[in-house]
Every structure is written in C-alpha cells, then in structure tokens.
Number of protein chains: 2
Amino acid sequence: MGISERKEREKEEMKKLILDTSIKLFMRDSYEKVSIRQIAKEIEYSPATIYLYFKNKDDIFYELHKIGFEKLKEKMLQVTISIENPLERLREIGKAYINFGFENPEFYNLMFITKAPMRKIKECKKWNCGFDAFNSLLQVVQACVDAKEFESENIEATSIAFWSSCHGLVSLVLRDRFLMFPEDKLNKLIRDTTNFILKMKPA
Amino acid sequence: MGISERKEREKEEMKKLILDTSIKLFMRDSYEKVSIRQIAKEIEYSPATIYLYFKNKDDIFYELHKIGFEKLKEKMLQVTISIENPLERLREIGKAYINFGFENPEFYNLMFITKAPMRKIKECKKWNCGFDAFNSLLQVVQACVDAKEFESENIEATSIAFWSSCHGLVSLVLRDRFLMFPEDKLNKLIRDTTNFILKMKPA
DNA sequence: CCAACTGCTAAACAGTGTTCAGTAACTTAA
DNA sequence: TTAAGTTACTGAACACTGTTTAGCAGTTGG
C-alpha cells in the first residue's frame with residue numbers, strides 16, 4: 001500500500017505549503033487583509049484548491065493560531081525551567097508573554113484578539129490551546145500561594161487577573177491606543193508600565 | 001440668507017440620520033459586518049450618497065467611536081462626583097469601565113479594540129477622546145498618591161497599568177477567550193476577577 | 001482497454017468599499 | 001419668465017472578497 005501512503009504524505013505536504021505561505025503573507029499583513037486568492041497566487045494554485053485542504057479561511061487561521069501557541073509555549077519553557085523562586089518565575093512568565101506579543105504582533109492578534117479562530121473553536125466547544133497555556137499559569141500562581149508570596153481566595157480569578165493585566169497592555173499597544181503619548185516617550189512608558197504590572201500584588 | 005442656513009441644517013440632519021442608522025445596525029452586528037450598502041438601504045438612499053456626507057467607512061465609525069466616549073464619560077461622571085475617598089473613587093471608576101464594556105460590547109469594540117477608527121485618528125496624529133478619558137483617570141490616580149493610598153514613581157505608568165488590567169479582562173471576555181471555563185461558572189469567575197483587579201496594589 | 005477515481009480549475013454567485021459620469025431638481029440672476 | 005448655474009443624488013462600474021460547483025484532464029485498478 002505504498003501509493004496511498006505517498007498520497008497521504010503529499011496531502012500533508014500541500015497542507016503545510018498552504019500554512020507556511022499563509023504565515024509568510026500573514027507576517028506582513030494582518031488576518032483581515034490576507035485573502036485566499038493571495039495565498040493561492042503565492043503557491044501558484046487556483047483559489048478553489050485551497051478549499052480541498054481547508055474548510056474555510058477561519059480553518060486556516062485556526063491552524064496558524066495553534067502554531068502561535070507552540071511558539072509561545074516554547075518561549076515560556078525557556079524561561080520557566082531556570083527559575084526556582086515561584087514569584088520570580090511568575091514575573092518572568094509575564095515578561096515573556098508581553099514580549100511575545102510585541103515581537104509577534106500578528107500571531108498574538110490571532111491568539112488573543114481576533115474573533116476568527118474562535119469561530120472554529122466554538123464548534124468544538126473547548127479552547128485547548130488556551131486551556132493548556134492557562135493551566136501552566138495556574139500552576140505557577142498556585143506555587144506562589146503555597147510559598148506564601150501572596151494570598152488568594154480564588155486561584156483562577158487571581159490567574160486571570162494577572163493574565164488580563166499583561167494582555168491589556170499588549171493589546172492596547174498593538175491596537176494603537178497610546179496615540180496620545182509622544183512617540184519618543186512611549187517606549188519608556190511601556191517599559192515602566194510592564195515593570196509596574198509585574199510587581200502588582202493583591203491588596 | 002435663510003436658504004443656505006436651511007441647507008446647512010439639512011446636511012447636519014442627513015449626517016445624523018446616517019449615524020443613527022449606523023448605530024442601529026451596529027448594535028446588532030459588529031463593525032465588520034455592517035456594510036455601507038446596508039446603511040444605504042436602511043435610509044432608502046443609494047450607497048454613493050453616503051460618500052457625500054462621510055469620506056469613507058472608517059470615518060463613520062470614527063464618529064460612532066466618539067459617541068461611545070460620550071456614553072462612557074456620562075457613566076463615569078455619575079460615579080465620580082458622589083465619592084470622596086480617592087481610592088474608593090478609583091475602584092468605582094474601574095467597575096464602571098468594566099461594566100460599560102460588558103453592557104456596550106460593540107461600542108467598546110470600536111473604542112478600544114478595533115483598528116478602524118484609529119486609521120482616521122492616525123491622520124490627525126492625536127486621539128482626543130482617549131486623551132480626555134485617560135486624563136480623568138490620571139487625576140484620580142494622582143489624588144490617590146496625594147492621599148498616600150499607595151506610592152507611585154510614575155503616575156502615567158500606574159494609570160496605564162490600572163487601565164490595562166480592566167481592559168484586559170473586558171477584551172478577553174468580549175473576544176471569547178474564556179471558552180475553557182464552564183459556562184455556568186464563568187459569570188462568578190468574571191465577578192471574582194473584577195473584584196480582584198480593583199483591589200490590586202503596587203508592591 | 002475501459003471505467004472509476006483523483007486533483008485541480010474556470011467560472012460563477014453573492015457580497016464588499018469606493019468612484020464617477022450623468023441626471024434631475026432647485027436656485028439665482030437677467 | 002427664462003436661461004444659466006448649482007446642488008443632491010444615483011446607476012453603473014471597478015476591483016476586490018469568500019465560497020461553490022460543474023467539468024476536465026490524468027492516474028489508477030480491474
């Protein structure tokens with residue numbers, strides 16, 4: 001049965017080609033601006049061919065969003081394994097998360113801002129990527145509480161609060177909501193805010 | 001010169017009609033889904049007519065975003081004037097902001113998430129709506145520091161951190177990033193997180 | 001050798017934002 | 001009152017978008 005195996009392999013390669021090309025276009029223009037026709041042109045196939053490998057546009061960007069989570073996870077691991085103190089670890093995770101957002105704005109967009117991949121996810125009713133990432137955060141927050149770094153009545157709420165603070169900053173920056181500050185002072189302001197957020201504690 | 005005055009008035013009325021109709025459609029569907037053609041059909045004019053009153057779609061949603069800020073400002077005022085203690089006032093402002101987001105998701109979307117109105121604003125280089133709103137926050141944070149409720153080396157950074165925390169929570173909810181939590185527990189979780197965020201303090 | 005299946009595409013459908021030539025009605029001045 | 005000028009509006013077009021479908025070559029299996 002070598003033929004059907006080869007065909008299976010070719011199908012996977014085509015899927016990968018479409019995905020890789022999508023990423024390439026996607027690094028320049030945002031999700032909304034990358035069209036199926038553009039992707040098709042880039043890989044020199046007709047637009048209809050793409051629909052033989054992916055159900056629709058959201059499906060493509062759901063796969064891309066998964067790749068983004070792998071990138072983030074990798075970055076997180078690098079940071080997490082080296083630090084013993086749980087509070088220090090939590091802060092480094094926050095820093096890594098924020099930096100990931102600034103360094104990969106379009107991936108971040110897909111993972112945490114855009115509606116697109118969630119439409120696909122809503123069908124399955126569960127957001128596994130988000131669940132895994134949130135779980136590692138939960139563990140670190142739990143470790144902080146165990147080490148009496150701070151108190152928490154509801155660890156999930158505490159974790160979401162930490163996540164929200166980091167996400168809030170990143171998404172406000174990515175969506176140009178700091179246009180009221182002079183450009184030359186903005187970078188320092190973002191750095192100061194990042195440090196401030198990472199040092200906040202429950203009252 | 002009664003005629004030119006009447007024409008001026010009619011022009012303003014037409015603008016208002018387009019804007020009101022846009023809001024109406026916009027309360028049901030989000031920015032992306034409301035089309036110029038839909039608005040035109042609703043007011044029983046041709047799509048081209050709308051371009052005699054607004055430069056483009058972004059221009060309409062820039063105006064809508066301003067209306068959103070008026071709504072928010074009103075809500076803020078109701079809360080702010082009645083509270084003496086600055087820390088209490090800050091927390092009530094946060095609560096009002098978060099509730100505004102949950103109660104007016106599409107306005108919130110336009111004001112703080114979507115790119116659309118910022119394209120228009122980037123031309124003018126300054127985001128006045130955001131500037132005004134942020135300034136009132138700045139004042140309250142300053143009042144907190146003056147009353148020694150907490151310390152701050154950089155009041156702007158502290159204010160942005162507070163804003164980020166609130167915005168982070170609202171935008172994660174509005175963009176369906178809590179799909180990993182069971183629906184029946186989500187509301188309590190959001191309430192707990194809100195309370196947690198509003199009680200956070202600088203370390 | 002022929003039937004079946006596969007991979008692919010041209011073309012179409014229904015929609016989008018936006019522009020522009022042209023029309024019809026209203027206003028102004030002689 | 002009439003002719004000229006101005007204004008308000010629109011039909012149709014342009015260049016896009018995501019998605020579907022009928023059909024066409026080429027490969028595969030009996």
Side-chain angles (χ1 to χ4, degrees), chain A residues 1-19 21-22 25-26 28-65 110 114-120 123, chain B residues 1-19 21-22 25-26 28-65 110 114-120 123:
Chain A
M1 283 291 165
I3 290 170
S4 67
E5 278 169 14
R6 194 205 67 213
K7 294 220 167 171
E8 187 64 35
R9 210 170 52 235
E10 281 174 354
K11 195 146 195 162
E12 286 307 311
E13 274 166 22
M14 186 64 161
K15 268 194 145 177
K16 197 180 176 312
L17 176 63
I18 294 172
L19 244 31
T21 310
S22 300
L25 296 175
F26 177 64
R28 298 193 231 297
D29 283 310
S30 62
Y31 163 72
E32 299 86 24
K33 288 202 171 179
V34 178
S35 71
I36 299 287
R37 282 174 162 87
Q38 274 173 39
I39 299 169
K41 199 169 194 175
E42 194 75 19
I43 62 171
E44 294 174 297
Y45 280 82
S46 92
T49 304
I50 289 177
Y51 287 87
L52 301 172
Y53 296 89
F54 295 93
K55 205 185 134 206
N56 53 31
K57 199 185 171 186
D58 288 347
D59 208 16
I60 295 177
F61 286 89
Y62 167 70
E63 293 298 326
L64 251 49
H65 128 286
L110 226 46
T114 310
K115 282 178 183 167
M118 301 324 263
R119 283 197 286 264
K120 164 90 190 177
E123 293 166 21
Chain B
M1 283 291 166
I3 289 170
S4 69
E5 280 168 14
R6 193 206 67 213
K7 293 219 166 171
E8 188 63 35
R9 210 169 53 234
E10 280 174 356
K11 196 146 196 162
E12 286 307 311
E13 275 167 20
M14 186 63 160
K15 268 195 146 179
K16 199 180 175 312
L17 176 64
I18 295 172
L19 245 31
T21 309
S22 301
L25 295 174
F26 178 64
R28 298 194 232 296
D29 284 310
S30 61
Y31 163 73
E32 299 86 24
K33 288 201 170 179
V34 177
S35 72
I36 298 288
R37 282 174 161 88
Q38 273 173 41
I39 299 168
K41 198 169 195 176
E42 194 75 20
I43 61 171
E44 294 175 297
Y45 280 82
S46 94
T49 303
I50 289 177
Y51 287 86
L52 300 172
Y53 296 89
F54 294 94
K55 202 186 137 205
N56 53 29
K57 199 186 171 186
D58 288 347
D59 208 16
I60 295 177
F61 285 88
Y62 167 70
E63 293 297 326
L64 251 49
H65 128 286
L110 226 47
T114 309
K115 281 177 182 167
M118 300 325 265
R119 283 196 285 265
K120 164 91 189 177
E123 294 167 20

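Letters A, B, ... mirror the listed sequences (proteins, then strands); counts begin at 1. This one's a predicted model, so the numbers in the text were calculated from it and none came from an experiment.
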Visitor: Between P on C:dT18 and CZ on B:Phe54, what's the gap in Å once rounded to a whole number?
Guide: 13 Å

Visitor: Check salt bridge (charged side-chain N to carboxylate O under 4.0 Å, His left out) between A:Lys15 and all other residues, then give those that pass, not counting sequence neighbours.
Guide: none

Visitor: Taking CD1 from A:Ile50 and P from D:dT20, how many angstroms apart are they, rounded to a whole number?
Guide: 14 Å

Visitor: My understanding is that only residues two or more places apart in sequence, or in another chain, count here; which of them pass salt bridge (charged side-chain N to carboxylate O under 4.0 Å, His left out) with B:Lys57?
Guide: none

Visitor: Look at the side-chain N and O atoms of B:Thr49 and state whether any lies under 4.0 Å from the OP1 or OP2 oxygen of D:dC9.
Guide: no

Visitor: Identify the residue among A:Asn56, A:Ile18, A:Ile60 that makes a side-chain contact (heavy atoms from CB on, under 4.5 Å) with A:Ile36.
Guide: A:Ile60

Visitor: Check each residue of residues 12-19 of chain A for a non-hydrogen atom within less than 4.0 Å of any atom in DNA chain C, then write out the ones that pass by number, or none.
Guide: none

Visitor: Could you give the CD-to-P distance, from A:Glu44 to C:dT9, as a whole number of Å?
Guide: 10 Å

Visitor: Using a heavy-atom distance cut-off of less than 4.0 Å, which residues of residues 28-43 of chain B contact DNA chain D?
Guide: B:Arg37

Visitor: Rounded to whole angstrom units, what separation is found between the CG atom of B:Leu52 and the P atom of D:dT6?
Guide: 18 Å

Visitor: What nucleotide, of D:dT20, D:dG11, C:dT18, holds the atom closest to the side chain of A:Ala48?
Guide: D:dT20

Visitor: How would you label the contact of B:Tyr53 with the nucleic acid (heavy atoms, under 4.0 Å): base, sugar-phosphate, or nothing?
Guide: sugar-phosphate

Visitor: Could you state the interatomic distance from CD (A:Glu123) to NZ (A:Lys55), rounded to the nearest 0.5 Å?
Guide: 4.0 Å

Visitor: Which whole-number value in Å describes the distance from A:Tyr45 OH to C:dT6 P?
Guide: 18 Å

Visitor: List the residues meeting salt bridge (charged side-chain N to carboxylate O under 4.0 Å, His left out) with A:Glu10, not counting sequence neighbours, and say none if there are none.
Guide: A:Arg6

Visitor: Looking only at the aromatic ring of each residue, does the gap between the centers of A:Phe26 and A:Phe61 stay below 6.0 angstrom?
Guide: yes

Visitor: Could you check whether A:Tyr53 and A:Asp59, counting side-chain N and O atoms only, form a donor-acceptor pair closer than 3.5 Å?
Guide: no

Visitor: Can you confirm whether B:Thr49 sits close enough to B:Ile43 that some side-chain heavy atom of one is under 4.5 Å from a side-chain heavy atom of the other?
Guide: no

Visitor: In whole Å, what is the span from the NZ atom of A:Lys55 to the C1' atom of D:dG18?
Guide: 13 Å

Visitor: For B:Tyr45, enumerate each residue passing the ring pair (Phe, Tyr, Trp, His ring centres under 6.0 Å) test, keeping only those at least two apart in sequence or located in another chain.
Guide: none

Visitor: Roughly, in whole Å, what's the span from CZ in A:Arg119 to C1' in D:dG18?
Guide: 12 Å

Visitor: In this structure, how many angstroms lie between the C1' atom of C:dT6 and the NZ atom of A:Lys11, rounded?
Guide: 9 Å

